[in-house]
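Chain naming here is simple, since letters A, B, ... match the order of the sequence lines and numbering starts at 1 in each. Since the model is a prediction, treat every value here as computed from it, not as a measurement.
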Amino acid sequence: MNPVDMTTETLRQQAKQIKADGCRFVTVTCLEETEDTLALIYHFEKNLELFHYRVRIPKDKVVPSLCPVFSAAFLVENEIRDQFGVTFEDLEPDFNGTLYFGDSDVVTATPFCRFGVKRADG
Amino acid sequence: MIRTVFKNFVSPRATRPYPIEVRPAFEHTRGELENDVSGCTFCGVCAKKCPSACITVNRKEKTWRLDPFSCVYCGICVDACPGECLFHTTDHKKVVLHKIPVVLTKEDPGLEKPEPGPA
Amino acid sequence: MIYAYALAGVILAPFAGVFIAGLDRILTARFQARTGPPILQPLYDIAKLWAKEPMIAHRFQPLCVYVYLAAAMVSVGLFFAQSDLLLIFFVQAVGAVFLVMGAFLVPSPFSQAGANRELIQILTYEPLIIIVLAGIYLSTGSFEISAVYAMDKPLLMNLPLLFIVFGYALTIKLRKSPFDISASHHAHQELVRGVLTEYSGRQLALIEIAHLYETVLILGLCSLFWTTGVLGTVVLLAATYLAEIVVDNICARMSFKWMLKSVWTTGLALSAVNFAWLYARGKF
Amino acid sequence: MFKKIMERSRIKSPWLVHYDCGSCNGCDIETLACLTPLYDVERFGVLNIGNPKHADVLIVTGSVNTRNRHVLEQIHRQMPSPKIVIAVGSCGLSGGIFKEAYNVVGGVDRVIPVDVYVPGCPARPEAIIDGVVEGLSVLADKQRRPDAANGAVAVDHTNSEILYESR
Amino acid sequence: MAAAASALLTTGSILLIGQVPIRSVPAFLSGDLFATAVQAADFALLGLFLFFGIRFKDLLITGLSAAQIAGLFFFEFVILADSHAPAAGLYCDSLSLVMVLLICIAGSLIVLYALPYMQEHERHLKPGKSRNPVFFSLLFVFIAAMNALVLVNDLMLFYFCFEITTLCSFLLIGHDRTRTARENAGTALRINSMGGAVLLLGIVLIYTRLHTLDIQEVIARVQGTGALLIPLGLLCVAGFTKAAQMPFQKWLLGAMVAPTPVSALLHSATMVKAGVYLVIRFAPAFAGTFLSTGVAVCGAFTFLSAAALAVGQSNGKKVLAYSTVSNLGLILACVGINTRSALSAAILLMIFHAVSKALLFLCMGSVEQHIKSRDIEDMRGLFGEMPKVAPIITMGILTMILPPFGMLLGKWMAIESAAGNLFLLFMLAMGSALTVVYWARWAGILMGSDFRGKPRPERLHVLSTISLFSLLGLAILLSVSAPFFHTGLLPGSITGAGGFAPVNGSLANSAGSFAVIPLFLAAAASFLFALAGSGRSSGAETAAPYMSGIAGPENGTYIGPMNRITRSVNRNYYLSAFFGEQRLSGAVNACAGILILLMMGACI
Amino acid sequence: MSNTILPFGPQHPVLPEPIHLSLTVEDEVVRQAVPALGYVHRGLEMLTRKKDFHQMIQVVERVCGICSMMHAMCYCRGIETLMDIEVPRRAQFLRVIWSELHRIHSHLLWLGLYADSFGFESVFMQFWKIRERIMDINEATAGNRVIVSVNRVGGVRRDLSPSQCWWIGEQLDEVETELKAIESTMLDNYTVKKRTVGKGVLTKEDAWELGAAGPTLRGSGIARDMRELKYEALDELEFEPVVETGGDAYARGAVRFKETLQSIDLVRRAMARLPGGETAAKVKGKPEGETALRVEQPRGECMYYIKADGSRFLDRLRIRTPTFANIPPLTAMLPGIELADVPVVVLSIDPCISCTER
């Protein structure tokens with residue numbers, strides 16, 4: 001797979017383009033690339049083929065949500081909000097970091113980033 | 001549906017009378033995990049391969065410790081065991097009222113040593 | 001003498017009810033290719049519930065439950081005392097109303113929605129029962145049960161369609177599919193267990209007992225359709241109950257709106273046809 | 001005599017409520033399978049009643065996480081005594097293969113007292129039937145000593161060392 | 001002052017027991033002077049209506065009152081020009097006596113209740129000058145007119161009283177002088193003028209045929225002949241308008257803008273009962289005719305449709321209003337069946353309905369002043385806020401629907417009587433089921449524990465308390481004593497052979513028996529048993545309701561999405577898809593209109 | 001404030017799994033449904049830091065017990081792609097056989113639960129009775145009833161003997177007969193149709209737009225089945241995706257019912273063409289690179305994204321499960337239906353919350 005790189009500025013515009021091409025939204029993958037950058041990989045599908053677009057962002061950056069274009073994106077964006085602490089603009093409905101976690105107890109906002117569960121072999 | 005219902009009514013009931021009559025198990029059923037400790041070399045491969053981290057092997061003290069309550073009965077350890085002393089019985093592990101891990105030692109084969117744990 | 005009958009009825013009815021309910025569960029299981037519980041299972045259930053820790057969701061709830069039970073007992077007593085059918089029916093309605101009120105008391109959405117649905121069920125079966133009773137009146141010239149027993153021909157011959165209409169009411173009262181809308185036996189329902197959700201322990205046991213009484217009462221009413229011979233009565237009751245169980249097993253649960261519409265239309269139409277037939281035969 | 005009937009009835013009519021506490025569905029469907037014609041636990045008077053206020057037996061499958069622990073506690077609290085808890089499956093017993101995951105608190109016994117442990121991944125219907133039958137003897141015991149029924153929550157701390165070390 | 005007058009009325013009415021039947025023509029009623037005075041008053045009254053019609057620019061009122069003036073003029077000065085009918089004077093049989101008792105006792109209790117209520121009402125409304133004296137005077141005029149109405153034996157006098165009640169109701173409904181009050185008062189006047197006009201037409205027609213205005217004589221001459229159906233039909237229609245039968249129900253629904261005592265008075269003892277009284281009074285005259293069946297069908301239809309409309313309502317006062325309409329329909333259905341047992345059912349229903357409905361309306365008034373809402377949904381858990389009134393309402397509701405109370409006794413008698421007529425029976429059966437739905441729902445909502453915060457202490461004026469408790473006591477007492485009451489007070493012509501007879505504290509006829517006193521004993525016993533039982537189990541703490549395992553900190557809340565504490569509510573179960581006012585009203589009014597036209601058409 | 005608000009779940013008798021829906025209901029008609037998740041979230045994706053890529057097979061199997069075989073197969077295929085391993089042909093066929101068996105058992109289980117959701121208890125019992133034969137097949141061939149653990153990187157861990165194949169065929173015949181007997185109930189029964197037809201309608205456009213997957217998508221008339229990607233041995237086994245056009249709960253039920261029969265057929269054909277040879281390839285080295293691939297699970301398309309950096313531990317494992325994709329369509333379906341139909345519609349997407357939340 002060869003993800004096409006995008007920027008947060010062009011993200012929504014390109015998403016509209018992709019949708020106009022007849023593509024379907026599949027999901028978004030977020031991963032921690034370095035200590036302070038994250039990558040969001042957007043997966044789309046057309047005719048059984050997957051297309052990938054990558055956006056690299058610093059950890060505190062606000063990302064425009066895809067919800068206005070693909071309304072199905074709200075769930076995965078909320079999940080990323082929970083797990084990586086990425087804030088999305090225009091997210092509807094916005095669970096505000098409470099999709100998976102209660103306000104209490106062990107896990108706080110962004111476990112993937114903050115704790116970064118260490119590997120078993122160090 | 002009415003036909004099915006009446007067919008059920010007249011045909012013998014499908015229920016397996018389990019606790020009264022136990023059905024013979026299938027040959028390859030992965031039941032309880034056991035260690036024939038007499039053949040065990042305490043190499044620790046099983047502990048290393050176990051995805052659930054439920055086996056601990058102490059080479060020095062020659063103890064093989066299994067937490068059957070976090071074992072997922074996948075059989076990876078059995079496949080991996082070089083000495084072929086690990087095996088699955090065909091019967092499921094019995095229910096218990098207290099969680100007591102299985103600890104086997106070479107000197108004391110087969111004996112379950114209850115650890116001072118929670119009651 | 002009638003007091004003795006009434007007393008005997010009130011005392012024996014729950015045991016008969018346990019037997020019927022147990023048989024019901026076994027037969028249901030057999031229709032589903034299962035073994036099913038022992039026949040005294042309803043008794044065990046009630047006894048167990050009786051001994052559970054009391055847990056009350058609202059202070060007036062026990063009152064409602066007791067009134068429900070008392071109404072069921074009184075109506076069974078009146079039945080065995082061969083009283084007026086309308087009166088029995090009205091007394092029975094007291095219980096139904098109090099069961100609903102008890103469910104309304106608790107601020108639980110399931111219980112309250114269940115109560116509302118129970119009201120719709122009452123709304124559905126009440127007119128039907130009144131019409132069936134009126135059919136009996138037209139055949140016998142009286143609302144008294146004794147008048148039914150005085151007949152020399154079974155009522156079923158005069159009121160075959162009304163018996164089917166009564167079957168609707170029976171199904172709703174017994175909480176069987178497709179009408180287990182306000183509270184199903186197994187709580188596998190969007191409203192958990194509807195009206196019964198918030199009752200627990202002893203209250204639930206009392207409700208179960210009252211339900212046994214109601215089962216006996218409704219089967220008693222059913223038996224009025226064949227009063228000329230004991231064998232006929234037994235066969236009719238057995239066939240009816242078996243039909244109920246089979247219907248329970250071959251139908252999905254329906255929605256209350258469907259129930260209201262279809263039961264009213266078919267029920268009223270069937271009874272109108274039956275009455276027209278009676279009229280044609282000069283029974284009026 | 002009534003007392004005797006009640007005592008006998010208690011072990012003859014266990015109504016259960018099943019809570020899926022973050023299980024992978026394996027144990028859930030095996031629990032459900034117990035109710036179906038081939039295993040038919042209704043033979044023992046078991047009904048899957050679904051409402052904690054009516055239930056005597058709480059069957060918990062799956063590992064406890066930070067959100068559902070409150071739900072589990074609440075369901076347990078809403079069951080009238082005497083009651084028993086049966087933890088089913090490796091996850092319910094200890095967290096199983098997930099015990100190191102970040103959102104897993106551990107086995108059911110970390111939150112509510114567990115009376116019977118049914119091992120297996122997933123636990124076989126036969127094992128679950130064994131669990132219910134075993135649970136009934138516990139229930140009979142509890143009835144003899146009613147104080148024990150509402151005892152303090154016994155919380156298990158085995159394996160806790162593996163849990164949060166990395167944080 | 002008003003309290004003393006009420007006491008006087010009550011005493012007077014009770015003293016009347018045992019004096020019946022009276023038939024007298026007091027001197028002051030027979031003189032020419034009196035006749036002229038009534039004539040003048042009649043014209044003045046109609047002139048007043050005309051004035052209101054012109055002032056409201058309401059063509060219908062104007063037209064109707066003008067027509068009535070013309071009609072009256074024609075009658076008085078053309079037909080009656082030289083042949084003065086002999087004065088018929090007063091007539092009081094047990095029916096009148098029952099009515100008088102009802103009007104005086106229930107009316108007095110309502111007045112009693114109104115004393116503190118109106119003070120509070122004025123404080124809330126703040127008019128420049130207290131209009132309470134006017135209000136109370138009107139109440140007494142109203143009660144007096146009602147008393148006169150049930151006692152007079154002269155059709156023209158009856159017409160006069162009929163119009164006075166119309167005027168009083170119009171003024172009382174418009175008492176608050178708000179826009180809606182004025183509009184609804186207009187509606188009331190419009191519909192009741194229709195009734196008045198129809199009544200006048202009927203009277204004129206009767207006179208032209210029989211040349212008498214003596215009610216008893218008219219009945220005696222017509223009874224069993226099947227003649228004079230058109231004028232009798234017109235009288236029935238006039239009764240329908242007063243009794244707010246479909247499709248004339250609108251004015252009664254609008255009347256609830258008036259202060260609560262007015263509604264209570266209109267709905268229970270006066271006004272609507274005037275309509276029912278009219279039909280009952282003339283019932284023997286048309287027994288066995290098609291008109292009688294027509295009245296029964298119209299009544300039964302009203303019973304069913306008003307009950308259905310009540311199911312779709314969440315406004316408490318509207319539920320009460322529809323229930324009144326519905327119950328009056330039931331009463332009229334009984335009258336239409338026109339057998340002895342049916343008539344006794346009708347009279348019993350009228351009595352029990354008046355007492356229970358007065359009670360419920362007065363309670364509603366207290367509730368409305370307390371919670372500032374008349375919506376049933378806002379009364380959820382009212383018990384927490386009004387620990388006195390809420391149980392009284394619940395009891396009132398139970399007296400409306402459950403055995404062994406009087407309303408159900410009446411309903412039972414009605415069904416037994418109607419069992420021969422299938423169409424009626426279907427409607428009665430469905431209507432009574434619908435009735436249970438809306439009452440039981442309300443009772444359940446009242447007693448639930450959804451109240452927020454601390455219960456407010458309930459302030460209830462001592463007069464209101466006396467009034468409410470007496471009404472409740474009266475409802476229960478009357479129910480208990482129904483069998484004796486039935487034989488002791490109801491007209492002998494009704495309770496005789498073919499009707500119901502009391503046996504061992506039951507009311508029985510050939511079709512069956514209603515065990516009033518045994519049931520009361522059973523009810524009392526089971527209630528005590530229930531109290532004891534619930535007392536035993538009330539040691540336990542109340543448990544939180546089941547909320548799918550996520551109940552919040554407070555009862556009735558849960559922790560919803562985004563960890564928000566959400567209050568779970570259960571509202572809006574009014575089945576508007578089936579029973580909504582918008583959905584049903586049109587069709588129902590059309591059907592009722594057609595039924596009435598059919599009834600009248602068949603008379604011709 | 002004239003609406004009923006009630007919490008539906010997480011613990012609810014008709015919900016097999018904990019999901020919460022905050023329902024706003026007006027006269028028993030749902031006006032709004034807000035979902036809440038998190039009752040099953042465990043954090044499996046992060047277990048890649050604790051378990052090596054072999055051990056992760058057992059973990060992904062437990063993403064969901066019902067489609068465990070497919071999860072493991074998809075994961076193994078991903079690792080095999082990264083490591084350039086050629087899986088023996090026999091292993092590919094065996095994977096198809098077991099995965100289709102899983103589809104059958106999953107669909108039967110669902111059909112039962114679905115029947116239970118509209119209160120048809122005897123149908124529930126019947127489907128689960130039929131299903132036990134599949135469970136027996138699983139147990140006899142793989143050693144466990146539900147989580148079969150047959151996959152390994154490079155192939156499968158178990159083999160089928162000819163006698164076992166013959167026995168499986170016999171069992172499947174029985175299943176097919178019994179299914180045919182109940183077909184009319186599921187597809188033609190008046191009460192069932194009354195409860196399912198027109199409930200929770202998802203139009204073709206909405207289904208596409210909201211990213212529905214699997215039978216939910218096919219029930220709306222879009223023929224999209226990931227098995228068309230011809231992974232494993234599917235290139236040799238012809239099949240047509242089952243499509244229904246109703247877009248309602250009934251259509252989704254019909255799709256699943258027909259797919260069950262289709263899968264029985266697929267298993268039969270796969271067993272008939274089962275080639276000889278090894279069941280697993282040797283595995284050397286560690287995975288490196290990134291890949292995204294999809295398989296068709298009983299509930300729909302499942303996507304795995306795997307990123308490895310050449311060590312024993314994967315860098316990132318991302319699982320997009322079918323129910324995750326079906327939740328947005330579900331929230332769109334709920335408004336406008338009756339309260340009594342909520343369980344029916346919720347179940348009609350065959351929700352697997354443990355998949356969704358991992």
Quiz prompt | Max heavy-atom pair count under 4.5 Å with chain F, selected residue of D:Cys21, D:Gly62, D:Ser23 | solution = D:Ser23

Quiz item: Side chain, backbone, both or neither: which part of F:Leu113 has a heavy atom under 4.5 Å from chain D?
Solution: side chain

Exercise. Could you tell me the separation between the CG atom of F:Leu44 and the CZ atom of D:Phe98, rounded to the nearest 0.5 Å?
Key: 5.0 Å

Exercise. Output the option from F:Lys129, F:Gln58, F:Gln11 having the highest count of non-hydrogen pairs under 4.5 Å with chain D.
Key: F:Gln11

Quiz prompt | F:Arg42 (side chain) donor-acceptor with D:Lys99 (main chain) under 3.5 angstrom | solution = no

Practice problem: With a 4.5 angstrom heavy-atom cut-off, could you sort out which part of F:Leu109 is near chain D: side chain, backbone, both or neither? | Solution: side chain

Quiz item: Of the backbone (N, CA, C, O) and the side chain (C-beta and beyond), which part of D:Ile97 lies under 4.5 Å from a heavy atom of chain F, both, or neither?
Solution: both

Quiz item: Quick one: of D:Thr36, D:Leu72, D:Val17, who has the most non-hydrogen atom pairs under 4.5 Å with chain F?
Solution: D:Thr36

Quiz prompt | Atom CZ of F:Arg318: over 12 foreign heavy atoms under 6.0 Å | solution = yes

Quiz item: Of the backbone (N, CA, C, O) and the side chain (C-beta and beyond), which part of F:Ile130 lies under 4.5 Å from a heavy atom of chain D, both, or neither?
Solution: neither

Self-check item: Heavy-atom contact with chain D under 4.5 Å, split by part of F:Phe124
Solution: side chain

Exercise. Mind checking the OH-NE2 spacing from D:Tyr19 to F:His12? Nearest 0.5 Å is all I need.
Key: 13.0 Å

Quiz prompt | Proximity breakdown for F:His105 and chain D, heavy-atom pairs closer than 4.5 Å | solution = side chain

Quiz item: So, the side chain of D:Asp20 versus the backbone of F:Pro10: is there a donor-acceptor pair under 3.5 Å, distance only?
Solution: no

Quiz item: So which of F:Arg145, F:Met135, F:Arg358 has the largest heavy-atom pair count under 4.5 angstrom toward chain D?
Solution: F:Arg145

Quiz prompt | Side chain / backbone / both / neither for F:Val59 at chain D, heavy atoms under 4.5 Å | solution = both

Self-check item: Among D:Leu32, D:Ile29, D:Leu35, D:Asp28, residue most engaged with chain F (heavy-atom pairs, under 4.5 Å)
Solution: D:Ile29

Quiz item: Side chain, backbone, both or neither: which part of D:Gln74 has an atom under 4.5 Å from a heavy atom of chain F?
Solution: neither

Self-check item: F:Tyr39 side, atom OH; D:Arg69 side, atom CZ - distance, nearest 0.5 Å
Solution: 14.5 Å

Self-check item: Minimum heavy-atom distance D:Cys24-F:Ile147, with the two atoms named
Solution: SG-CD1, 3.9 Å

Exercise. State whether the side chain of D:Asn25 and the backbone N or O of F:Ser354 hold a donor-acceptor pair below 3.5 Å, judged by distance alone.
Key: no

Exercise. Starting at SG of D:Cys121, measure out to CG of F:Asn144 and round the result to the nearest 0.5 Å.
Key: 7.5 Å

